[in-house]
Amino acid sequence: MCGIAGWADVGPDLTREVDGVERMVRTMACRGPDAAGIHVGTHAVLGHRRLAIIDLEGGRQPMAAPAEPVRPAGESPAVVLSYSGEVYNFRELREELRGFGHTFRTRSDTEVVLHAYLQWGEDFVRRLNGMFAFALWDERDRRLLLVRDRLGIKPLYVARLGGGVLFGSEPKAILAHPGFRARLDSQGLADLLGLMKSPGVTPYRDIEEVPPGCVAVYDHEGLRTERYWSLGRQPHEDDFGTAADTVRALLEDTVSRQMVTDVPLCTLLSGGLDSTVLTALAARVQARAGEPPVRSFAVDFTGSEADFRASDFRPERDSPYALEAARHIGTDHRLIELSADELTRDANRDAVLRAHDLPYTFGDVDTSLHLLFRGIREHSTVALSGESADEVFGGYAWFHDPDVIEAAAFPWLSRMQLITPELLSPAFRAATRFEQYRADRYEEALGEVEHLPGDSPPERRMREISHLHLTRWLPTLLDRKDRLSMAAGLEVRVPFCDHRLVEYVHNTPWDLKTPDGDPKGLLKRATRDIVPRSVLERRKSPYPTTADRLYEKDLRARTQALLADRSSPAFDIVDAAGLGRMLDLPQGHFDTQLRRNGLETALYLDRWMREYDIAPE
């Protein structure tokens, strides 16, 4: 896993503009602490920071082709690649390419991607199974391809600069270029604060996110985006048993592929169904290979056993289930315990802001997640995570709430928001048409959903809700997981995001995914022989938050300090009176993530606009 950055322009000579790209590349050091590289061409400068995972010695980048040992003096390489991610079917592709006469100097998947492009042209991306975001410069056509994986697991941003483009794994790379100035895009900010994740939209004017499943192409005709994958609708003829067997086979294949690494690997084990399934499958792969038990990690908070209060949102603590799952599977299990002091420390909160480059946070969830990743990185470089199983298999409680199903709104907003409209300033709400914009984006997202003529109304609706989660909610979670893990130099792989599994389950009828209304019933049937009964029967419980009153005290104090500084740029966006009313709530009323998020968002908006020197529109 790595960080990429660069600049392409078919007009001027960029060989004298290397300093700007070097600045961009330096911002990606956290994503690639092991090595740095830069390719300088007349019309493209590509930079790379490497986190070495496969072929530690041979996979250095940027990588050029053709791969002849000797190239005539002065001759530029035909194609140059700066690559971030993992292609899990690279071994099969390498053998296929050898059949076409290709030779390889390394064991890396990077070289396979490079040769796949040389063999199959721009269609090569359809053959890749993995998580990736990369830049490929073809000197023959003076064309830059910016490619992002199907689900958007790895981030990629692009910005126009003069007649050319800048690109980077994170906005900070683009913002580091001396020719680019950070400016606010209010509509993009409304999109982010509304948790809509409209494809391509960011709160930075002139910075776009390459949408999942797309290639951004830059050449003499300018910049354009082309889609190579979308979540389609296909007939499903399998019965429940066959569907469960297919899911199991796909999961076994996916986990086996994603455990290929030349560095230490572990799993994130919360004690929920998703992480337990992956850990159990990973343990079997280890056992078959004669390797030591898989290492697993969980997080908890100091004093959580005494402080915990059950609720509909979080009915149980994770730790007892994680420990039971670890014993059942036989993992080398570690618990990382965090204190309220660590969660409130300025340095840790600032690390989250800089990891995101965006003014959003889920508060102590994000801070603790980053600290968990930092702790894991002391022992492992790669981790498997259960992200996306709820979106794929229908695991959230709101999937089964009739009121949410009938509502013409993004379903997750019934339980989770960054900030409620009432906490936004009247001027910002009016300028962005916040409520109407959110309604428009909802209708736009529904328009992407494909149905078959025979689909019943309930089936059509549940497919819409599933599609909304996979295209508008999951990208937010994947982005968070990527930023907070890569800021710690940890690569997190997400087997439930394998596009073959996503496509198959998306096309499985709802009553097979959730038989008798059982959330994730299909996944349970597929894995019931490897998961403890207690985990199979456990209610969904989200990632934990601290119940320590010291955290609430700190949050109140920070908000009061913000309210005392009416010069804060955040008050162009946030309603000060609304924040004050939140603080009027009695002690102990910030026990839900929804209440905390509004205050956290206001605080992060203030820091983001100041630290990133966000210019008004």
Side-chain angles (χ1 to χ4, degrees), residues 1 53-54 84-93 109 112-113 116 124-134 147-155 212-214 228-234 236 238 242-261 265 267-268 273-285 382-395 466-467 469-471 473-475 477-479 481-482 485 491-508 513 520 522-527 530:
M1 197 57 58
I53 301 294
I54 294 175
S84 168
E86 307 290 346
V87 168
Y88 302 122
N89 63 335
F90 76 99
R91 290 171 168 173
E92 297 96 314
L93 290 174
D109 57 333
V112 173
V113 171
F124 79 115
V125 66
R126 302 177 189 274
R127 297 172 178 263
L128 307 183
N129 176 308
M131 58 178 190
F132 46 81
F134 56 85
V147 183
R148 195 168 181 209
D149 65 67
R150 294 167 178 84
L151 275 298
I153 304 169
K154 304 311 297 179
C214 289
Y228 69 87
W229 182 86
S230 60
L231 194 58
R233 176 75 172 103
Q234 301 293 329
H236 184 97
D238 294 345
T242 303
D245 291 343
T246 302
V247 166
R248 176 62 172 268
L250 284 168
L251 281 172
E252 288 179 344
D253 179 69
T254 298
V255 170
S256 178
R257 290 176 184 273
Q258 296 198 18
M259 292 184 69
V260 175
T261 174
L265 177 143
T267 70
L268 306 179
L273 175 65
D274 316 331
S275 63
T276 303
V277 165
L278 295 186
T279 301
L281 292 173
R284 292 188 165 203
V285 173
V382 176
L384 299 185
S385 168
E387 208 77 70
S388 87
D390 286 304
E391 290 78 13
V392 173
F393 289 96
S466 296
H467 195 282
H469 279 82
L470 289 167
T471 62
W473 174 239
L474 179 60
L477 302 183
L478 292 174
D479 186 73
K481 183 68 64 72
D482 173 86
S485 61
E491 173 177 300
V492 175
R493 298 177 178 179
V494 281
F496 285 109
C497 281
D498 184 285
H499 73 275
R500 301 167 302 163
L501 178 69
V502 171
E503 289 171 347
Y504 181 80
V505 179
H506 180 67
N507 282 291
T508 301
K513 274 193 275 194
K520 293 193 281 195
L522 178 60
L523 179 59
K524 293 175 184 177
R525 170 66 177 271
T527 59
I530 58 174

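The figures that follow rest on heavy atoms only: side chains count, while hydrogens, waters and symmetry mates do not. Predicted, not measured: the structure shown is a model, and the values here were computed from it.
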With no hydrogens and no angle check, is any side-chain donor or acceptor of D109 less than 3.5 Å from a backbone partner on V87? yes
Taking every non-hydrogen atom, the tightest pair across [X] and [Y]:
{"X": "G395", "Y": "K520", "answer": "CA-CG, 3.7 Å"}
{"X": "L501", "Y": "P495", "answer": "CD2-O, 4.4 Å"}
{"X": "N507", "Y": "H236", "answer": "O-CB, 3.0 Å"}
{"X": "V285", "Y": "S256", "answer": "CG2-CA, 4.1 Å"}
{"X": "A244", "Y": "A526", "answer": "O-CB, 3.3 Å"}
{"X": "K481", "Y": "S385", "answer": "NZ-OG, 2.6 Å"}

Any side-chain heavy-atom pair of [X] and [Y] under 4.5 Å:
{"X": "C497", "Y": "M131", "value": "no"}
{"X": "E391", "Y": "L151", "value": "no"}
{"X": "S275", "Y": "L268", "value": "no"}
{"X": "S466", "Y": "H506", "value": "yes"}
{"X": "L128", "Y": "Y228", "value": "no"}
{"X": "L278", "Y": "Q258", "value": "no"}
{"X": "T246", "Y": "T242", "value": "yes"}
{"X": "V502", "Y": "F496", "value": "no"}

Have Y504 and D238 got a donor and an acceptor in their side chains that come within less than 3.5 Å?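 Yes - a donor-acceptor pair under 3.5 Å links their side chains.
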[X] [atom1] to [Y] [atom2] distance, which is reported to the nearest 0.5 Å:
{"X": "D149", "Y": "S84", "atom1": "CG", "atom2": "OG", "result": "9.5 Å"}
{"X": "L523", "Y": "K513", "atom1": "CG", "atom2": "NZ", "result": "12.0 Å"}
{"X": "T527", "Y": "E252", "atom1": "OG1", "atom2": "CD", "result": "10.5 Å"}
{"X": "D482", "Y": "K154", "atom1": "CG", "atom2": "NZ", "result": "3.5 Å"}
{"X": "D274", "Y": "F393", "atom1": "CG", "atom2": "CZ", "result": "8.5 Å"}
{"X": "R150", "Y": "E503", "atom1": "CZ", "atom2": "CD", "result": "7.0 Å"}

Run the side-chain contact (heavy atoms from CB on, under 4.5 Å) check on V125 and F132 step by step: do they pass? CA-CA 10 Å; V125 66; F132 46 81; 4.0 Å; yes
R91, CZ atom: more than 12 neighbouring heavy atoms under 6.0 Å: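 Open: at most 12 neighbouring heavy atoms sit under 6.0 Å from CZ of R91.
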Report the C-alpha separation of L281 and R248 in whole Å, then their side-chain angles, then the decisive distance to 0.1 Å, and conclude whether the side-chain contact (heavy atoms from CB on, under 4.5 Å) test is met. CA-CA 10 Å; L281 292 173; R248 176 62 172 268; 4.0 Å; yes
Mutual orientation of the aromatic rings belonging to W229 and H499 [parallel < 30°, tilted 30-60°, perpendicular > 60°]: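 Correct class here is perpendicular.
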Charged N to carboxylate O under 4.0 angstrom, R257 versus E92? yes
Show your working on side-chain contact (heavy atoms from CB on, under 4.5 Å) between V255 and R284 and close with a plain yes or no. CA-CA 10 Å; V255 170; R284 292 188 165 203; over 6 Å; no
